[in-house]
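Structure provided below as structure tokens; questions to follow.
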Amino acid sequence: MTLLVPILGDQLSHGLASLRGANPADTVILMMEVAEETTYVRHHKAKIVLILSAMRHFADELREAGWTVDYVRLDDPENKGSFTGEVGRALERHEASAIRIVEAGEWRVSQAIQGWSGRFGVPVEVLGDDRFICPLPDFFAWAASRRELVMESFYRQQRRRTGLLMEPDGTPTGGQWNFDKDNRAPPPKERPLREPKRFAPDAITQEVIALVEGRFRHHFGTLDRFALPVTAAEAEALLADFVEERLPRFGTYQDAMLEGADFLYHSRLSTSLNCGLLTARQVCEAAEAAHRAGTVPLNAAEGFIRQMIGWREYIRGMYWLEMPGLSDANFFENKRELPDFYWTGETDMACCADSVRNTRDNAYAHHIQRLMVLGNFAMLAGIDPAQVADWYLVVYADAYEWVEHPNVLGMSQYADGGRLGTKPYAGSGAYINRMSNYCKGCRYDVKKRVGDDACPFNALYWDFLDRNDRKLRGNRRLWQPYATWDRFGEQTKAEIRAQSQQFLESLQPAAPGWARAAGQPPAGG
Ligand SMILES: Cc1cc2nc3c(=O)[nH]c(=O)nc-3n(C[C@H](O)[C@H](O)[C@H](O)COP(=O)(O)OP(=O)(O)OC[C@H]3O[C@@H](n4cnc5c(N)ncnc54)[C@H](O)[C@@H]3O)c2cc1C
Ligand code: SF4
């Protein structure tokens, strides 16, 4: 009896549940590069290189460890182009009588897996993904017991569950659960000491780069700077470099932005975590150990661990709780087309231009660029949230639907009407000015609301509140901005509305074909 164990592109972990307890003598591991996954949205070139190269490296490591690996390449002429098609072929090839797989990270793929047993007539065992600390049934039980799904209460449960930064008497280290208020410093005067560790493409990665430059040349993004970890060993080296160099000030400058400083004090670990080269527990233990050794202050270690076991796992739970409805969520009924500058970077708004440039060059932007610059702009401008979600899924190397959808449609666009956040993350130019140096070099004046040189975020912000008065005024966390709006005279209000309208009409909609294969994508992508 042969057991077929498919391993998906975001399951590249040697400790994967489906491998534990399997016997290499009667197991065939199936790894598949399929066209459906590389093109259902037109992913950034760097994202495709990362996943294919990491898969090929992982397959080699498995073979070295004694496993039989059946690896189907993208350019295999027999390749059926979908997971289901390839699993069907592999079952015949190996005369396998059962399938074992770890649950998929995306709704779309999990639906396909559910159909396999009926379709192929073999038992399919779907195991929970225990690389996440909180099993999904536990998350659902937590959610069912709450009126409001506030991340902080989930996070405290996760701290108790893991024992991370906990004292033997059950209290949090430092006497406090959360040091977020110490984590909002404006950008530092000095720059980080050195760029994050880079990993030069080896022969395997170079071969994949050539494939992507040929087959996916019209996709968004550049590959000139590709230097992401593609093996667990490289990811561990990036983690060690982060803990030593950036983590000590990660907490303090978590929300800061500096023009041209692409990574600041951030870890850049999300790409490795999301495809399985690192686990959440492993990176948290490294951060805690550094704190206990005295090299990392508590606000930094706690801030980082909160992102990992709090936000990351809460986001994943919310995805499975809210799907499939989340994909179509559109609380504000926004319909405007995504502006062209999200793809070209051509805009006079210095904050947006730099964030898109970082995205194009590195398939990366840090959290505040994603949330308070590009996400904030899209929500204020009333962009169709489905188009915004497509953009985020395409452009970031760490983007998989389970993490992208709740962050974009929930946290950033408030398209879920507040299931995930207690208020929209809306901000005027003043926020960006406080947390960055962008406004100093911008052609717009961040202090102005109206006029040719007025910062667009300002009129858009007030117009957004006014436009959505019926839906938002009752939110207790928004009473202050509405009180300010109410104090504006009628003439001021009319000027703001006109300024916003004029600006929105000046936006060039993106040409079709950037995100999904509808016609030929624009040249130069
Ligand atoms: C609109 C929007 C879209 C996003 N899309 C994605 C996405 O597609 N994939 C993704 O991994 N993250 C996404 N995030 C969350 C976050 O911005 C990225 O995880 C982070 O920027 C990755 O960079 P880093 O590894 O340097 O993170 P750091 O700033 O160093 O943070 C450490 C780690 O914490 C975790 N983390 C922090 N915040 C979140 C969060 N809100 N959700 C999930 N994990 C979190 C990540 O694993 C990250 O690697 C999104 C956030 C927003 C606001
Ligand atoms: S002035 Fe406005 S548009 Fe320009 S960088 Fe500042 S916030 Fe962005």
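Quantities reported herein were computed from a predicted structural model and do not represent experimental measurements. First listed ligand is number 1; within each ligand, the first listed atom is number 1. The chain is numbered in sequence order, starting from 1.
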Answer yes or no for Phe263: is there a heavy-atom contact with ligand 1 below 4.0 Å?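 Per 4.0 Å heavy-atom rule, Phe263 does not contact ligand 1.
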Of all heavy-atom pairs linking Ala301 and His291, the shortest is CB-CB, 3.8 Å
May I ask you to check whether Phe139 and Phe154 place their ring centres under 6.0 Å from each other? yes
Looking only at protein heavy atoms, what sits closest to atom 27 (O) of ligand 1 is Ser267 OG, 3.9 Å
For Lys493, look at atom NZ and say whether over 12 heavy atoms of other residues, nucleotides or ligands are found less than 6.0 Å away. yes
Just need the protein heavy atom nearest to atom 32 (C) of ligand 1, so name the residue and atom and give the distance.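 Of the protein heavy atoms, Phe304 CE1, 3.5 Å lies nearest.
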Under a 4.0 Å heavy-atom limit, does Tyr392 contact ligand 1 with its side chain, its backbone, both, or neither?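 It is the side chain that gets close, since no backbone atom is under 4.0 Å.
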Closest protein heavy atom (residue, atom, distance) for atom 6 (C) of ligand 1: Arg370 NH1, 3.3 Å
Find out whether Leu277 and Leu12 are in side-chain contact, i.e. whether some heavy atom of one side chain is under 4.5 Å from a heavy atom of the other.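 Heavy-atom side-chain distance check passes, below 4.5 Å.
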Quick one: which of Asn376, Val446, Asp255 gives a side chain to side chain contact (heavy atoms under 4.5 Å, CB included) with Tyr431?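 When side chain to side chain contact (heavy atoms under 4.5 Å, CB included) is applied between Tyr431 and each of Asn376, Val446, Asp255, only Asp255 qualifies.
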Greater than 12 external heavy atoms within 6.0 Å of Tyr425's OH: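 No, OH of Tyr425 has 12 or fewer neighbouring heavy atoms, counting only those of other groups under 6.0 Å.
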Is Tyr400 close to Cys275 at the side-chain level, that is, under 4.5 Å between some pair of heavy atoms? yes
For a side chain to side chain contact (heavy atoms under 4.5 Å, CB included) check, start with the C-alpha distance between Glu106 and Tyr319, then their side-chain angles and the critical distance, and finish with the verdict. CA-CA 9 Å; Glu106 298 202 355; Tyr319 173 75; 4.2 Å; yes
Suppose we only count N/O/S atoms under 2.8 Å; would Cys351 qualify as near atom 8 (Fe) of ligand 2? yes
Considering only protein heavy atoms, which is closest to atom 11 (O) of ligand 1, and at what distance to one decimal place?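 Protein heavy atom with the smallest distance to atom 11 (O) of ligand 1: Asn274 ND2, 2.8 Å.
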In terms of the angle between their ring planes, are Phe132 and Trp402 parallel, tilted or perpendicular, with boundaries placed at 30° and 60°?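 The arrangement is perpendicular - the two ring planes meet at more than 60°.
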Out of Gln307, Gln369, Met372, Met318, whose heavy atom is nearest to atom 34 (O) of ligand 1?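 Considering heavy atoms of Gln307, Gln369, Met372, Met318, the nearest to atom 34 (O) of ligand 1 sits in Gln307.
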Checking Glu505 against Gln501: is there a side-chain donor and acceptor pair closer than 3.5 Å?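 Looking only at side-chain atoms, Glu505 and Gln501 do form a donor-acceptor pair, the distance falling under 3.5 Å.
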Identity and separation of the nearest protein heavy atom to atom 17 (O) of ligand 1: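 Result: His367 ND1, 2.9 Å.
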Considering non-hydrogen atoms of the protein only, which is the closest contact for atom 19 (O) of ligand 1, and what is the distance?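 Protein heavy atom at minimum distance: Ser270 CB, 4.1 Å.
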Any heavy atom of Tyr364 under 4.0 Å from ligand 1? The part involved is side chain
Distance from atom 4 (Fe) of ligand 2 to nearest protein heavy atom, with residue and atom: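 Here the nearest protein heavy atom works out to Cys442 SG, 2.4 Å.
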Quick look: Cys439 vs ligand 2, heavy-atom contacts under 4.0 Å, and the answer is both
Could you check which of Val408, Asn407, Thr271, Ile305 puts a non-hydrogen atom nearest to atom 14 (N) of ligand 1? Asn407
Out of all atoms in ligand 2, which are within 4.0 Å of some heavy atom of Tyr444? Include the element for each. 1 (S)
Evaluate salt bridge (charged side-chain N to carboxylate O under 4.0 Å, His left out) for Asp445 paired with Lys447, printing each intermediate quantity in order. CA-CA 5 Å; Asp445 183 341; Lys447 298 260 164 13; over 6 Å; no
Among protein heavy atoms, which sits nearest to atom 39 (C) of ligand 1, and what does the distance come to when rounded to 0.1 Å? Trp311 CB, 4.0 Å
Calculate, to the nearest 0.5 Å, the distance between atoms CZ and CE belonging to Arg108 and Met323 respectively. 10.0 Å
For Ile315, counting its heavy atoms only, list the atoms of ligand 1 lying under 4.0 Å from any of them. 42 (N)
Within the 4.0 Å heavy-atom cut-off, what Met411 brings close to ligand 1 is side chain
Tell me: protein heavy atom nearest atom 2 (Fe) of ligand 2, and distance?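 The answer is Cys455 SG, 2.4 Å.
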Is there any N or O on His266 that sits under 3.5 Å from an N or O of ligand 1?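 Between His266 and ligand 1, an N or O pair is found under 3.5 Å apart.
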Looking at Met308, which atoms of ligand 1 are within less than 4.0 Å of one of its heavy atoms?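 Reading through ligand 1 atom by atom, the close ones are 33 (C), 34 (O), 47 (O).
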Atoms in ligand 1 flagged as close to Arg268, the criterion being non-hydrogen separation under 4.0 Å: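 Contacts of ligand 1 toward Arg268, numbered from 1: 24 (P), 25 (O), 26 (O).
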When you measure from atom 47 (O) of ligand 1 to every protein heavy atom, which one gives the shortest distance, and what is it?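 Its nearest protein heavy-atom neighbour is Arg312 CD, 3.4 Å.
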Which one of Ile309, Val403, Leu374, Leu273 has a non-hydrogen atom at the shortest distance from atom 43 (C) of ligand 1?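 Ranked by closest heavy atom to atom 43 (C) of ligand 1, first place is Val403.
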Between Ala399 and ligand 1, which residue portion shows a heavy-atom distance shorter than 4.0 Å: side chain, backbone, both, or neither?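 Ala399 to ligand 1: contacts from backbone and side chain alike.
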How about Tyr155 and Tyr314: are their ring centres within less than 6.0 Å of each other? no
So do the side chains of Trp514 and Arg42 get within less than 4.5 Å of each other, counting heavy atoms only?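 Side chain of Trp514 against side chain of Arg42, heavy atoms only: no contact under 4.5 Å found.
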So Tyr414 and Phe332, would you call those rings parallel, tilted or perpendicular, with 30° and 60° as cut-offs? parallel
So if I count the atoms of ligand 1 from 1 in the order they appear, which ones are less than 4.0 Å from some heavy atom of Ala365?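 That gives atoms 21 (O) of ligand 1.
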Is the contact between Asp398 and ligand 1 made by the side chain, the backbone, both, or neither, using heavy atoms and a 4.0 Å cut-off? both
Need the ligand 2 atom indices (1-based, order shown) with element for anything under 4.0 Å from a heavy-atom of Tyr438. 5 (S)
Between Thr359 and Tyr396, does a side-chain hydrogen bond (donor to acceptor under 3.5 Å, both in side chains) hold up when you go through it step by step? CA-CA 7 Å; Thr359 304; Tyr396 293 114; 3.0 Å; yes
With heavy-atom distances below 4.0 Å as the criterion, list the atoms of ligand 1 near Leu371.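 Within the 4.0 Å cut-off of Leu371, ligand 1 contributes 53 (C).
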Per-atom contacts, ligand 2 versus Met349 - under 4.0 Å to a heavy atom: 3 (S)
Check the angle between the aromatic planes of His219 and Phe216 and answer parallel, tilted or perpendicular using the 30° and 60° thresholds. perpendicular
